[in-house]
Amino acid sequence: TDWFTHPDGAGEVIGDFVWQYYDGAISFSGSGAAPDFTGQDDTRPWDAYRARIVDFYMNEGLTHLGAWSFCYCGNLVNIRYPSTLTSIGDAAFFRCNAITEAVLPAGVTQIGSEQGKAVYSFCNGIRRLVIEEGVTSIDNLVYQSNDANASLEEIVLPSTLTSLSYIFYYYYLRSLQRYVVSEDNAYYTAVDGVLYSKDMATLFSYPPSHPGVYFKAPASVRTFSIYAFSDAQNLRFLDLSETAATQMRLNLVIYSYKMQNINVPAGVISIASNSLRNLSSPFTKLFIPSSVQSVASNALETSASLTVYTDAENTAIGSLASEKIGVEVLAGHTHSYSDIAYEEPASCTAAGFRILTCECGQFTFESLPVNGQHQKTNPVVVPATCTAPGYTRYTCDLCGTVFEDDYTELGPHDYSAQTVKDEALKAAATSGIISRVEFLEAGGDVTSIRFEDVKIDATVEDSVFME
């Protein structure tokens, strides 16, 4: 479409590149590369329209989308890439918060620069990132935001992906809950949202906002990627004890401020520098088996005091002692789990679990079976009467079962004044035996009688008129 001729349109020809804007849409066309810009403060020819841009169309023939092309385009929602696109510059989209689903196109082989910002930088409205079929390698950041209002929940990886740099998942994915990997991918897989190598021998990335408070790495795992447990928002108990890993790598667990207990691999031989880094006050105890042969002097970094326990004298472990880190030998120590550190109760539909800890900081997981205990939700109180106890009717939010509980005692009589309808009593009143009678009528039945101004005839026994 030739938008130059429209009175509300705008545009410019810059060599082999053409941009045009009209009615909320901007298009790039031409051949070769669209221009790069140097940062958010640089001036782009279309900046005057950035608050109005909703749609971006990049036409066939263009091979490169320039760095910092769209900054603070707060209404940009729709993006269409050409099949000819092979590279995207740093921060091509910066704080474009109306985008909800982002795509890395199939033909792209170069993304940003090693020290640059992600293609989608701080675009906090993005909930899903899809790496399209055809992409084989990712060496740099595609998405980044560690803002508190970041929304990214899911990353989808294609069957064609063969190489993924740790830079892709380092630190800037704090809102991510899960990875999804094509079943046809020969190199990667995801189990319960966690990213592994296809053979489950390497754990690459535990999503920072995975909802679990407890995670046990599979026994098949032999190695962990750098930053495997980076910025974990909910994780408190990390069990690596049954893995075949012999090394705890650089920055294995970092910025995970809720971390409370870690079970290190039972066969660990070496612990690298900064293996456990930027942990805080919940993390106060750590057990390291005496089989460890080497420990970097700066292997552990925590803002709180930490006591390291081991089961025999070990020079490497002893070297950890510092102002904040104490080392204590529990000779011949056998773990005994008695303290409940955390519990999620079982319910009528789901099993629960509890975490039990040893004095040394080691922990174990105990499953709690489904117990049939319904939730007391949606209460409706049925009051007691003098003939029936009261109770509360609940509807369980989990399974929908309606049940009654919290019974109360019988209520008092309610002597509401009404005219007596009983024929015998009417006759007695007429004959002068009773001048007035009041009674409680509940559900149509006379349940109690009260007499006032009673006149007793010698021929009538008092018991006739007793309540």
Side-chain angles (χ1 to χ4, degrees), residues 104 128-144 152-256 259 262-272 275-277 353 365:
L104 185 66
R128 189 167 184 257
L129 172 63
V130 178
I131 311 301
E132 285 191 342
E133 289 291 334
V135 174
T136 60
S137 177
I138 301 176
D139 297 324
N140 293 315
L141 290 168
V142 177
Y143 169 94
Q144 69 177 127
L152 181 67
E153 296 178 356
E154 181 176 276
I155 292 178
V156 181
L157 301 177
S159 64
T160 52
L161 189 69
T162 61
S163 174
L164 185 65
S165 168
Y166 75 86
I167 296 174
F168 176 79
Y169 48 77
Y170 161 61
Y171 186 52
Y172 294 108
L173 302 175
R174 67 176 300 169
S175 63
L176 183 66
Q177 296 182 16
R178 59 191 169 274
Y179 292 94
V180 177
V181 181
S182 168
E183 292 182 358
D184 296 328
N185 190 295
Y187 296 87
Y188 298 96
T189 189
V191 177
D192 191 29
V194 181
L195 183 64
Y196 300 89
S197 60
K198 189 69 172 183
D199 60 2
M200 300 284 288
T202 301
L203 191 156
F204 290 107
S205 177
Y206 180 89
S209 280
H210 190 291
V213 300
Y214 162 80
F215 176 74
K216 184 174 185 176
S220 60
V221 173
R222 296 194 298 272
T223 59
F224 297 93
S225 172
I226 183 174
Y227 303 115
F229 298 93
S230 173
D231 206 25
Q233 301 294 301
N234 303 305
L235 188 59
R236 298 186 189 184
F237 304 96
L238 175 60
D239 189 354
L240 310 178
S241 61
E242 294 188 7
T243 68
T246 58
Q247 181 185 29
M248 293 180 65
R249 297 190 63 183
L250 170 69
N251 293 335
L252 174 62
V253 183
I254 179 173
Y255 302 119
S256 298
M259 191 67 70
I262 299 174
N263 290 348
V264 304
V268 66
I269 295 174
S270 64
I271 302 178
S275 285
L276 308 180
R277 180 181 168 197
F353 70 91
F365 173 93

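Keep in mind that the numbers below use all heavy atoms, side chains included, and drop hydrogens, waters and symmetry copies.
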Counting only N and O atoms by type, is there a donor-acceptor contact under 3.5 Å from the side chain of [X] to the main-chain atoms of [Y]?
X	Y	value
Asn185	Leu161	yes
Ser241	Val264	no
Ser163	Ser137	no
Thr246	Ile269	no
Tyr188	Leu164	yes
Ser256	Val253	no
Arg277	Asn251	no
Thr202	Phe204	no
Ser209	Arg174	yes

Tell me the closest heavy-atom pair linking [X] and [Y], and the distance in Å.
X	Y	value
Asp231	Gln233	O-NE2, 2.8 Å
Pro208	Ser230	CG-O, 3.6 Å
Ala272	Arg249	CB-C, 4.0 Å
Ala186	Lys198	O-CB, 3.4 Å

Open item on the list: Taking side chain to side chain donor-acceptor pair (under 3.5 Å) as the definition, give me every residue that meets it alongside Glu154, ordered by chain and number, with sequence neighbours left out.
Closed with: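 Listed in chain order: Arg128, Arg178.
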Open item on the list: Using the ring-ring contact (aromatic ring centres under 6.0 Å, His included) criterion, which residues pair with Tyr206? Sequence neighbours excluded.
Closed with: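 Residues passing ring-ring contact (aromatic ring centres under 6.0 Å, His included) with Tyr206: His210, Phe215, Phe229.
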Open item on the list: Determine whether the aromatic ring centres of residues Tyr143 and Phe168 are separated by less than 6.0 angstrom.
Closed with: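 Between Phe168 and Tyr143, the centre distance exceeds or equals 6.0 Å.
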Open item on the list: I'd like to know if the side chain of Ser175 pairs up with that of Glu153 as donor and acceptor (distance under 3.5 Å, no hydrogens or angles considered).
Closed with: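 There is no such pair between these side chains.
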Task: Within-4.5 Å side-chain heavy-atom neighbours: Leu176 and Ile155 - done: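 They are in side-chain contact.
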- [ ] Answer yes or no: does atom CZ of Phe353 have more than 12 heavy-atom neighbours from other residues, nucleotides or ligands under 6.0 Å?
- [x]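 Correct, the count exceeds 12.
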